[in-house]
Amino acid sequence: MSIHILPEQLASQIAAGEVVERPASVVKELVENALDAEAKTLNIEVRSGGRDLVQVADDGLGIPGDQIETAFLRHATSKLSTADDLAAIQTLGFRGEALAAIAAVSQLTVVSRVDGQQAGVRLTLEGGSLLSREAVGAPVGTVLAVSNLFFNVPARKKFLKSIGTEKRLIDETVTRYALAYPQVRFRLIHDGRITFQTTGSGERRDVLIAIYGSETARQLISIGTNDPNSDPSGARGELSVAGYISPPHLNWSNRSRIAIYVNSRWIKDTRLTYAVVQAYHTLLPNGRYPIALILVTLPPEQVDVNVHPAKTEVRFRRANTVFGAVQRTVRRALIDQAPVPGASHFNSFGASDWPSHGDKQAYPRGELAGHQDESPSSWTRQPEEGLPGIPTGLSEDDRLPISRVIGQVGSAYIITEGPDGLYLIDQHAAHERILYEQFMVDWKAPGGSKNATQGLISGLTVDLSPPQMTLLEEHSDLLRQIGFDIELFGPKTIIVRGVPGLLTNADPAGALLNVLDELETGQKPLEGAIEDRIILRVCKSAAVKAGQSLSLPEMEAMVRQLEACQVPLTCPHGRPTTIHLSVSQLAREFGRR
Ligand code: ADP
Ligand code: MG
């Protein structure tokens with residue numbers, strides 16, 4: 001075949017492929033256009049998962065009658081004219097591709113009218129060619145109906161998934177925008193049935209309720225500054241992070257509920273997603289993930305949104321700064337949730353399911369009355385059907401009240417009595433948490449880690465295998481920082497002269513071997529810093545074991561220390577330390593109620 005220029009229509013179809021992959025991409029582009037046109041109400045109507053119809057009606061500014069054909073040409077946009085504009089995009093769209101792309105692969109009708117024009121215009125197009133144009137009566141705004149998507153691209157049509165899957169992808173798309181634009185009313189209709197709608201109240205928590213239900217939504221913790229007057233475009237010049245996150249006990253088996261937005265644009269960003277996950281480090285069991293809605297605002301010139309035709313990937317000018325800000329904001333909110341030890345535990349514990357932080361202002365309690373679930377006890381709470389939650393029976397405010405030690409069961413659990421019933425404390429998990437927090441305090445104190453070394457009166461000789469020896473040499477600096485004082489003695493032998501203070505009562509050689517084991521499993525990039533893993537291992541080795549009987553004073557000391565922890569209810573690996581049996585739970589179990 002000789003080299004030739006492709007016919008316009010074929011070129012458009014090929015280009016369309018980058019923008020319009022499936023019905024959800026049509027929904028996305030039409031919703032973005034409506035939002036850019038300052039619509040306050042969006043009605044999204046879908047038939048057969050979008051194969052038959054995707055229609056978006058908005059009450060935005062409309063398209064002027066004399067420009068409506070132009071809107072369907074490739075690279076036609078009203079949002080951008082110079083390269084400088086590109087550097088500071090404030091709209092969702094800017095590439096001028098979507099309408100041309102959608103029109104190229106569907107049968108399309110648009111009706112639009114702008115304020116001040118007598119009549120609106122209705123155009124029909126098929127495969128990108130204009131079929132008809134007429135004047136019609138219409139409200140101000142735009143209705144775009146896309147039928148028979150990919151009618152002329154059978155190869156694409158074959159790649160569509162089941163109607164159910166396409167519907168789900170559309171739901172995800174719509175809910176994403178609804179979260180970004182709480183001041184806009186969204187209504188989604190699948191095959192004649194309203195499946196999702198928001199009030200446009202401007203309260204993001206109302207949108208969260210529409211998505212997750214009131215029981216879950218009311219537990220979410222607001223983070224950063226959710227100042228409704230803050231400028232969502234980031235034009236004001238500072239970097240800020242806001243949003244909502246779930247308390248650790250509300251968790252899921254995948255990351256799909258972590259959503260990141262930059263200047264109100266939903267983006268895919270594995271690094272920022274990781275920043276969120278990392279902020280939960282030691283609070284969630286491995287393989288469990290939170291709900292998080294992270295809204296990053298920064299000056300538009302700090303972020304390049306023109307990376308991909310779908311505009312869902314961005315590049316940050318200062319990626320590390322953004323990463324750090326997200327991680328710190330989430331971590332801060334999680335830690336703030338934990339109480340100041342000793343302060344007013346009795347008053348607030350168990351008084352309600354209500355989380356104890358800034359939420360109160362954002363969502364006054366009175367408003368909640370109507371949303372309260374019938375079963376305020378979290379004893380049986382499962383975040384999602386079929387998924388194992390952590391039914392610790394503890395209130396989501398993550399507090400441990402002052403309690404009185406009653407005794408020990410099975411040489412493994414401490415029983416205490418608190419203001420509202422009984423607590424069962426896993427002695428090993430609790431001790432791990434206590435040691436971990438003590439260690440971290442030392443570790444963070446300037447020069448503190450050195451003080452943590454406890455000299456051994458007579459050096460301890462340990463034989464190592466060649467791989468263990470290599471690991472030891474490779475990580476000798478780190479081991480020294482953590483508190484191990486080690487001398488090489490022979491090709492296979494070392495002398496341990498000092499160990500981290502925490503290990504004084506434990507088996508130091510065993511602990512060192514455990515640490516080497518940990519190092520040997522290799523540093524998987526997503527499993528946290530190597531220091532952290534070593535510290536966790538040291539704490540694990542040093543913690544009292546299940547099976548060890550404890551005296552009453554020992555148990556009391558441990559419970560006091562656990563109460564003073566920042567994050568008392570989970571061990572550093574994310575397992576629960578404590579199970580609560582409330583008075584009402586006991587009454588229920590005994591059939592007294
Ligand atoms: P882009 O959004 O990148 O500008 P599109 O192809 O999506 O490109 O849209 C082309 C132009 O059509 C927009 O720039 C806008 O002027 C106009 N337009 C599209 N949809 C709407 C709408 N719902 N309301 C008002 N104007 C619209
Ligand atoms: Mg657009």
Side-chain angles (χ1 to χ4, degrees), residues 11-13 15-21 24-45 54-83 85-106 108-117 120-125 128 130 133 136 138-146 149 173-174 176-177 180-181 184-187 263-266 300 304-314:
S12 306
Q13 277 184 14
E18 288 199 304
V19 181
V20 188
E21 201 188 337
S25 5
V26 175
V27 171
K28 169 182 185 298
E29 296 297 340
L30 298 186
V31 166
E32 286 194 351
N33 282 345
L35 292 169
D36 280 346
E38 299 168 23
K40 290 277 153 272
T41 308
L42 264 78
N43 260 296
I44 303 144
E45 207 171 332
V54 170
Q55 176 178 301
V56 175
D58 71 55
D59 60 355
L61 300 172
I63 310 175
D66 59 344
Q67 294 171 26
I68 195 159
E69 280 92 346
T70 313
F72 289 90
L73 300 178
R74 278 165 73 192
H75 312 301
T77 179
S78 59
K79 302 169 191 174
L80 185 73
S81 50
T82 68
D85 298 343
L86 191 56
I89 291 293
Q90 310 235 13
T91 47
L92 293 165
F94 54 88
R95 298 173 58 106
E97 289 174 334
L99 289 190
I102 295 166
V105 295
S106 71
L108 186 152
T109 304
V110 56
V111 176
S112 193
R113 181 165 81 85
V114 294
D115 197 16
Q117 254 172 8
V121 174
R122 189 215 310 266
L123 290 191
T124 55
L125 295 95
L130 187 63
R133 176 195 172 99
V136 290
V140 171
T142 305
V143 182
L144 243 146
V146 177
L149 187 65
T173 304
V174 173
R176 266 173 208 153
Y177 287 96
Y181 290 80
V184 174
R185 285 170 54 181
F186 284 77
R187 175 186 284 171
N263 296 345
S264 297
R265 181 191 302 277
W266 178 86
D304 181 2
V305 292
N306 190 21
V307 177
H308 186 268
K311 301 161 291 181
T312 52
E313 283 161 45
V314 300

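Remember, it's 1-based here, ligands and their atoms both numbered in the order they're listed.
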Participant: Please determine whether any non-hydrogen atom of Gly60 lies less than 4.0 Å from an atom of ligand 1.
Facilitator: no
Participant: Suppose we only count N/O/S atoms under 2.8 Å; would Thr77 qualify as near the Mg ion (ligand 2)?
Facilitator: no
Participant: With heavy-atom distances below 4.0 Å as the criterion, list the atoms of ligand 1 near Arg95.
Facilitator: 3 (O)
Participant: Without swapping roles, check the side chain of Asp36 against the backbone of Gly93 for a donor-acceptor pair under 3.5 Å.
Facilitator: yes
Participant: Can you find a non-hydrogen atom of Leu61 under 4.0 Å from ligand 1?
Facilitator: no
Participant: What protein heavy atom sits nearest atom 22 (C) of ligand 1, and how far off is it?
Facilitator: Thr142 OG1, 3.8 Å
Participant: Among Ile102, Thr109, Leu125, Val56, whose side chain to side chain contact (heavy atoms under 4.5 Å, CB included) with Val146 holds?
Facilitator: Ile102
Participant: Which atoms of ligand 1 sit under 4.0 Å from any heavy atom of Gly93?
Facilitator: 2 (O), 3 (O)
Participant: Between ligand 1 and Ile63, is the shortest N or O to N or O distance under 3.5 Å?
Facilitator: no
Participant: For ligand 1, which atoms, with element, lie under 4.0 Å from some heavy atom of Ala37?
Facilitator: 24 (N), 25 (C)
Participant: Rounded to the nearest 0.5 Å, what's the gap from OH on Tyr181 to CG on Leu92? Could you check?
Facilitator: 3.5 Å
Participant: Examine distances only and state if a side-chain atom of Thr91 and a backbone atom of Lys79 form a donor-acceptor pair shorter than 3.5 Å.
Facilitator: no
Participant: Among all protein heavy atoms, pick the one closest to atom 10 (C) of ligand 1 and tell me residue, atom and distance.
Facilitator: Ala76 O, 3.4 Å
Participant: About how many Å separate OG1 of Thr173 and CD1 of Ile44, when rounded to the nearest 0.5 Å?
Facilitator: 9.5 Å
Participant: Between Asp59 (side chain only) and Thr41 (backbone N and O only), is there a donor and an acceptor less than 3.5 Å apart?
Facilitator: yes
Participant: Number the atoms of ligand 1 from 1 as they appear, then name those within less than 4.0 Å of a heavy atom of Gly96, with their elements.
Facilitator: 1 (P), 3 (O), 6 (O), 8 (O)
Participant: If only atom types and distance count, is the side chain of Arg74 paired as donor or acceptor with the main-chain N or O of Ala100 below 3.5 Å?
Facilitator: no
Participant: Please confirm whether Asp36 comes within less than 3.5 Å of ligand 1 when only nitrogen or oxygen atoms on both sides are compared.
Facilitator: no
Participant: Without swapping roles, check the side chain of Arg176 against the backbone of Arg265 for a donor-acceptor pair under 3.5 Å.
Facilitator: no
Participant: Any nitrogen or oxygen of Lys79 lying under 3.5 Å from a nitrogen or oxygen in ligand 1? Just yes or no.
Facilitator: yes
Participant: With Asn306, which of Lys311, Glu313, Arg95 fulfils side chain to side chain donor-acceptor pair (under 3.5 Å)?
Facilitator: Arg95
Participant: Counting only heavy atoms from other residues, nucleotides and ligands, does the tally under 6.0 Å from CG of Asp66 exceed 12?
Facilitator: yes
Participant: Taking only heavy atoms of Ala71 into account, list the atoms of ligand 1 that are under 4.0 Å away from them.
Facilitator: 10 (C), 12 (O)
Participant: Look at atom 7 (O) of ligand 1 and say which protein heavy atom is nearest, naming residue and atom and giving the distance to 0.1 Å.
Facilitator: Asn33 ND2, 2.8 Å
Participant: Using a 4.0 Å cut-off to any heavy atom of Glu97, which atoms of ligand 1 qualify?
Facilitator: 6 (O), 8 (O)
Participant: Can you check which of Ala98, Ala34, Gly141, Ser78 brings a heavy atom nearest to atom 14 (O) of ligand 1?
Facilitator: Ser78
